[in-house]
Amino acid sequence: MDNNKYIVKTIIHAGTKVINFVTGTKVVFHYKTTKCDPEKTIIDDSKVIGRPMELILGKKFKLEVWEVIVQKMALNEVACFRVDKSVFTTYPFVSKTLREVGKPQSEKRTHHCCGVTLQNEGIGYDDLNELIRYPQDLEFTIELVNVILPEEYEKESWQMTEDEKLKSIPEIKEKGNALFNEKNYEDACNVYAKGIGMLEQLMLAEKPNENEWLALNRLKIPLLLNYAQCKLIQKDYYAVIEHCTTILKHDPDNVKALYRRGKAYIGAWDEEKATVDLKRAIELNPALQKVVEQELQIFTAALKQKNLLERKKLSALFK
């Protein structure tokens, strides 16, 4: 692919900095794809779409030619690459994906993978269907707007090794706690969820309830508790119940999980389950008795008021 007979480069504007590209480098670039016809028919333009392309070098992006050509560029360079049709047969499918990123499902143009159906119905865009039927050389005009080396950005979980994921958990927890203390509960939730997801990925590689699995689960419990506390503040009671129940399956005497699930049951108007959880929390930690009794008294009063209002509404229906 790296042969000059397949890729011909023309510099439009010189760049400002030569980059030593390495595996894991994140590159951000605008692209314009045109046919090599006299009209220079435009197929795609990222500036029209409204977002640049981002990819991680070495992660086997479906359009390998883009990885090759951006590494021939300097930062802020604009260049045109004429590319032989034989090296980008996947372009129509990549183009369809990029056009539909962020669109609701109802606006996406579905297609089937079956070869016969694909031949008959295409992929939902006439210009891309034509490119599938009649492959031709294309020109990619690339503007390399940013290059971020691996150590300069926070990796997504899919980019990380198992060791990197494990070592990142304390930092993730600390970051989530800082956001929580700032009362930025939504972002804190997202950070805790990221850590939980990483640990669950690692747990899939271990046998349930064996030592390695149990060690990972112990790391996950504080993140689940913190996540549940954020959701409790946000009044997302069923999420709290779900995550605390996960904890209690393996740690049935976890006071924080019992207390938070009990409060969530109050929010969900489930008096019986709230009472069971909160009374069990008192048994395990008698210091909670006064707080729990006050909360149950308030809940009982609120429940009576709710039932009274519902009875009034029902009686009004039969008048």
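Here the structure is a predicted model, which means the values were calculated and not measured.
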Q: Quick one: list whatever passes ring pair (Phe, Tyr, Trp, His ring centres under 6.0 Å) with Y237, sequence neighbours left out.
A: none
Q: With sequence neighbours excluded, tell me which residues meet ring pair (Phe, Tyr, Trp, His ring centres under 6.0 Å) with F21.
A: none
Q: Using the salt bridge (charged side-chain N to carboxylate O under 4.0 Å, His left out) rule, take R280 and D253 through it: C-alpha gap first, then chi angles, then the decisive distance, then the call.
A: CA-CA 8 Å; R280 179 59 181 156; D253 290 339; 2.8 Å; yes
(Q) Given 3.5 Å as the limit, does a donor-acceptor pair link the side chain of D44 with the main chain of Y31, or not? (A) no
Q. Is atom NZ of K279 surrounded by more than 12 heavy atoms (other residues, nucleotides or ligands) closer than 6.0 Å?
A. no
Q: Answer yes or no: is there an ion pair linking D251 with K220, defined by an N-O contact shorter than 4.0 Å?
A: no
Q. Relative to the ring of W66, is the ring of F29 parallel (under 30°), tilted (30 to 60°) or perpendicular (over 60°)?
A. perpendicular
Q | Between CG on residue L57 and CD on residue Q71, distance to nearest 0.5 Å | A | 4.5 Å
**Q.** Residue pairs fulfilling salt bridge (charged side-chain N to carboxylate O under 4.0 Å, His left out) with at least one residue in residues 227-249, sequence neighbours excluded
**A.** K231-D236
Q.
Tell me if the CD atom of E39 is crowded by more than 12 foreign heavy atoms within 6.0 Å.
A. yes
**Q.** For A281 against L258, the heavy-atom pair lying closest together
**A.** CB-CB, 4.2 Å
Q.
I'd like to check the salt bridge (Lys or Arg N to Asp or Glu O under 4.0 Å) partners of R82; sequence neighbours left out, ordered by chain and number.
A. D137
Q. Going by an N to O cut-off under 4.0 Å, is there a salt bridge joining E77 and K9?
A. yes
Q) Which residues satisfy the salt bridge (Lys or Arg N to Asp or Glu O under 4.0 Å) test with K47, sequence neighbours excluded? A) E143
Q | Straight-line distance of L224 CG to I247 CD1, nearest 0.5 Å | A | 4.5 Å
(Q) If I take atom OG1 from residue T246 and atom CD1 from residue I221, how far apart are they, to the nearest 0.5 angstrom? (A) 10.0 Å
Q: May I ask whether I266 and Y259 are part of the same hydrophobic cluster, defined by side-chain heavy atoms of I, L, V, M, F, W, Y residues being less than 4.5 angstrom apart, directly or through others?
A: yes
**Q.** K167 NZ: over 12 foreign heavy atoms closer than 6.0 Å
**A.** no
(Q) Looking at every heavy atom in both I49 and L98, which two are closest together, and how far apart are they? (A) CG2-O, 4.5 Å
Q: Please list, chain by chain and in numerical order, all residues satisfying ring pair (Phe, Tyr, Trp, His ring centres under 6.0 Å) with Y91, sequence neighbours excluded.
A: F140
Q. Can N177 and Y192 be counted as having a side-chain donor-acceptor contact under 3.5 angstrom?
A. yes
Q | Backbone of D37 reached by a side-chain donor or acceptor of T41 within 3.5 Å | A | no
Q. Going through the distances and angles, do K59 and E67 end up as a salt bridge (charged side-chain N to carboxylate O under 4.0 Å, His left out)?
A. CA-CA 10 Å; K59 290 299 178 181; E67 287 202 34; over 6 Å; no
Q. Are D45 and K32 close enough for a salt bridge, meaning some N to O gap below 4.0 Å?
A. no
Q. Which residues satisfy the side-chain contact (heavy atoms from CB on, under 4.5 Å) test with P170, sequence neighbours excluded?
A. none
Q) At what distance, to the nearest 0.5 angstrom, does OG1 of T90 lie from NZ of K62? A) 8.5 Å
Donor-acceptor pairs are to be reported for all side-chain atoms of residues 286-293 against protein atoms at under 3.5 Å, with residues two or more places apart or in another chain.
residue: Q289; atom: NE2; partner: E293; partner atom: OE2; Å: 3.0

Q. Taking atom CD of E283 as the centre, does the number of heavy atoms from other residues, nucleotides or ligands within less than 6.0 Å exceed 12?
A. yes
Q. Sequence neighbours excluded, which residues qualify as ring pair (Phe, Tyr, Trp, His ring centres under 6.0 Å) partners of Y227?
A. H243
Could you pull out all donor-acceptor pairs under 3.5 Å where a side-chain atom in residues 205-213 meets a protein atom, sequence neighbours excluded?
none

Q) Using a distance-only test with no angle check, is there a side-chain donor-acceptor pair under 3.5 angstrom linking S46 and R51? A) no
Q: Search all heavy atoms of Q234 against all heavy atoms of E186 and return the closest pair with its distance.
A: NE2-OE1, 3.0 Å
Q | Remaining members of the apolar cluster that contains I241, side-chain heavy atoms under 4.5 Å | A | Y238, Y265
Q | With K256 via side-chain contact (heavy atoms from CB on, under 4.5 Å) - residues at least two apart | A | L225, N254, R260
